[in-house]
Student: 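First, the structure itself, so that you have it in front of you.
FYI, side chains are in, hydrogens and waters are out, and symmetry mates aren't considered; it's all heavy atoms of this structure.
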Amino acid sequence: MNFLAELKRRNVIRMAGLYLVGAWLVTQVAGTVLPMFGAPEWVARSIVILLALGAIPTLVFAWLYELTPEGFKRDDEVDHTRSIAPQTAQRMDRLIFAGVLALIAVIAADRWWPRAEPLVPAASTPAPTNTTPSRDALATAPPAAPAAIDPNSIAVLPFVNMSAEADNEYFSDGISEELLNALVKVEGLSVASRTSSFAYKGREMGAAAIAGELEVAHILEGSVRKSGNRVRITAQLINAASDRNLWSQTFDRELTDIFAIQDEIAKAIVAALRDTLGEQASAAAVGVRADTANLEAYDLYLKARELFIARSDLRESLRLFEQVVEIDPQFARGWEGLAAVAAVMPSWRQNDRDYTALTQRAAERALALDPSLSMPWAALSFAARATLPVDYAKVLERSTRAIDADPRNATAYLWRSIAWTHLGFFDRALADQGHCLRIDPAYQNCIRWNGLTYLFMGDNPRALARFQTGVEAGFSFNRAESFVAALLREGQPIAAQML
């Protein structure tokens, strides 16, 4: 008996076919399902590798063993005149056929299943400078076609924490954000938002791939190693198109020099980009805020800010900010952070103290120390909505002052849009949300309010498309119940019951 005939008799060839179809089906399902749960790319790669490694032992097992009515037995122990291998072969043929049909169904569903079209935020009219509600000139322009990648654009990725203590990650994130905030102020340089850049934290992707998704020409990445009173920061600037380092450097310094290091890195980046930015971008104009000389206060500030941004522990964030301003009462951004977290506490059902009064006191102190700050005005605007009856003229006026102080303050645009939504001026709300999402396309709470605004306008398809965007991103909608009626009207009772 030749080798090929023996392979057929022992059903090894059929097992190879069955394994191939099954493995292919598993990879197709994994490729569809895993992204829904935000699984990192290495999970899918690991599944493929394990399936590939499992092929050889599976085929060896099929060669050595045969299925009998008494279970698996070694092939040389089976009486071939009483073997059920032919019946097993027929079952395997049916399984292979069923697997191929299932695979075709999965591929067809992935390719042709209808998907909700992504909703592009409506282009906005210029933000109104007065606070008197008016229906004039509220129409928004149609979305513009996607533009080519701006050669004067950059994304600052979160620096990797290389410290022995894993909980020092807030420090490395803080360094990245300080650099981002410094580069935002460079004339002619477009900087991807923190939310968009930090979405790639921990993901195994190359700089060129990330730049492509963020639509930027350059990537700044690096690492931070903090040990005792010393810090080592390594940074490199990458041209995404050529995947070439434009600049890289390692800084070993005492922690007391932390602002000087950040300032030096920012200026080096601007100098490296001089060919594309032109002479109007002066490295001398770049500056990192060093509004505290107290390293302990700054360290606590970074920790408190990280908790506030993540909304992971607002009480701890508030406590840390209060420590910051106690240690250094002249630290303007410490007071700014305290005002911001105090402003949102009531919306997170925290009512154990007078947070409105605390917001007022902290914001006024921050502005007294640094009148150029934007977020204290936004915090005052948000807090004004907590006092009944709501003085919407004051809410809108304070939001506008926040935007005037920093036109890149996406949160100020969002909070003003909420006021417009409450007043029923939906086109103005959409305009502000359009500004917000152009600054920070990954701002999930802005996407949620965009959906709510469309919902209140009676535009259920767009509202549910925005709602679905948030769900797919893993964002918890704290007003998901608003979408129940819309889901029911769209014939999705099961989805409504799951909210």
Side-chain angles (χ1 to χ4, degrees), residues 131 170 174 177 181 194 289 291-294 296-406 409-419 422 443 445-446 449 478-479:
T131 60
Y170 74 89
E177 187 169 357
N181 291 335
R194 180 195 193 277
R289 300 182 67 100
D291 48 357
T292 181
N294 190 300
E296 182 186 1
Y298 181 66
D299 191 73
L300 290 173
Y301 166 79
L302 293 179
K303 190 178 294 185
R305 185 175 65 179
E306 195 68 20
L307 290 172
F308 172 67
I309 291 171
R311 301 294 199 273
S312 58
D313 191 342
L314 288 178
R315 282 186 173 276
E316 178 64 7
S317 176
L318 185 83
R319 187 187 70 80
L320 290 172
F321 273 126
E322 288 184 316
Q323 272 190 260
V324 168
V325 297
E326 183 179 350
I327 294 170
D328 184 359
Q330 303 303 310
F331 189 4
R333 284 189 293 162
W335 287 104
E336 176 188 49
L338 180 58
V341 69
V344 303
M345 289 295 274
S347 66
W348 287 77
R349 296 179 175 85
Q350 304 295 320
N351 300 299
D352 55 306
R353 56 193 287 193
D354 189 347
Y355 288 110
T356 301
L358 178 58
T359 302
Q360 184 85 23
R361 181 170 65 88
E364 289 175 355
R365 179 62 174 155
L367 291 169
L369 291 167
D370 186 352
S372 70
L373 291 173
S374 167
M375 201 60 194
W377 287 114
L380 288 170
S381 168
F382 195 91
R385 287 196 287 111
T387 304
L388 298 176
V390 178
D391 185 344
Y392 278 103
K394 182 184 290 185
V395 170
L396 293 167
E397 185 267 337
R398 290 174 172 180
S399 294
T400 301
R401 293 192 69 166
I403 292 167
D404 290 343
D406 180 6
N409 188 339
T411 298
Y413 279 112
L414 168 61
W415 288 354
R416 189 171 71 176
S417 83
I418 295 173
H422 286 170
Y443 199 157
N445 202 31
C446 191
W449 272 98
N478 57 20
R479 287 189 60 186

Student: Starting at CG of L367, measure out to CZ of R401 and round the result to the nearest 0.5 Å.
Tutor: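 Spacing of CG (L367) from CZ (R401) equals 8.0 Å.
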Student: Working to the nearest 0.5 angstrom, can you tell me the gap between T411 OG1 and M375 CE?
Tutor: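 CE of M375 is found 5.0 Å from OG1 of T411.
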Student: Any non-hydrogen side-chain atom of F382 less than 4.5 Å from a side-chain atom of V395?
Tutor: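 The answer is no, as the side chains (C-beta and beyond) never meet within the 4.5 Å cut-off.
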Student: How long is the straight-line distance from CG of D391 back to CG of L396, given to the nearest 0.5 Å?
Tutor: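 Answer for the CG-CG pair, L396 versus D391, is 9.5 Å.
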Student: Can you confirm whether F331 sits close enough to N294 that some side-chain heavy atom of one is under 4.5 Å from a side-chain heavy atom of the other?
Tutor: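 Heavy-atom side-chain distance check fails, nothing below 4.5 Å.
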Student: With a 4.5 Å limit on heavy-atom distance, are the side chains of N409 and I403 in contact?
Tutor: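 N409 does not reach I403 side chain to side chain.
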Student: Run through T359, D352, N351 and flag the one making a side chain to side chain donor-acceptor pair (under 3.5 Å) with Y355.
Tutor: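 The residue from T359, D352, N351 that satisfies side chain to side chain donor-acceptor pair (under 3.5 Å) with Y355 turns out to be D352.
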Student: Is there a side-chain contact between K303 and E316 (heavy atoms, below 4.5 Å)?
Tutor: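 Answer no - side chains too far apart.
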Student: Is it true that the side chains of S372 and D370 contain a donor and an acceptor less than 3.5 Å apart?
Tutor: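 Present: a donor and an acceptor within the cut-off.
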Student: Taking atom CZ of R361 and atom CG of D354, what is their separation to the nearest 0.5 Å?
Tutor: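 Result: 10.5 Å between the selected atoms.
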Student: Can you tell me how far CG of L380 sits from CZ of R398, rounded to the nearest 0.5 angstrom?
Tutor: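 Rounded to the nearest 0.5 Å, the CZ-CG separation comes out at 5.0 Å.
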Student: Do you see a donor-acceptor pair shorter than 3.5 Å between the side chains of R416 and S381?
Tutor: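 The criterion, which ignores hydrogens and geometry beyond distance, is not satisfied for S381 and R416.
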Student: Looking only at side chains, do D328 and Y301 share a donor and an acceptor under 3.5 Å apart?
Tutor: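 No donor-acceptor contact under 3.5 Å links the two side chains.
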Student: A side-chain contact here means heavy atoms from C-beta on lying under 4.5 Å apart; do H422 and I418 qualify?
Tutor: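 Yes; the side chains approach each other to less than 4.5 Å.
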Student: Any side-chain donor-acceptor pair under 3.5 Å between S399 and Y413?
Tutor: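 Distance-only check fails for S399 and Y413.
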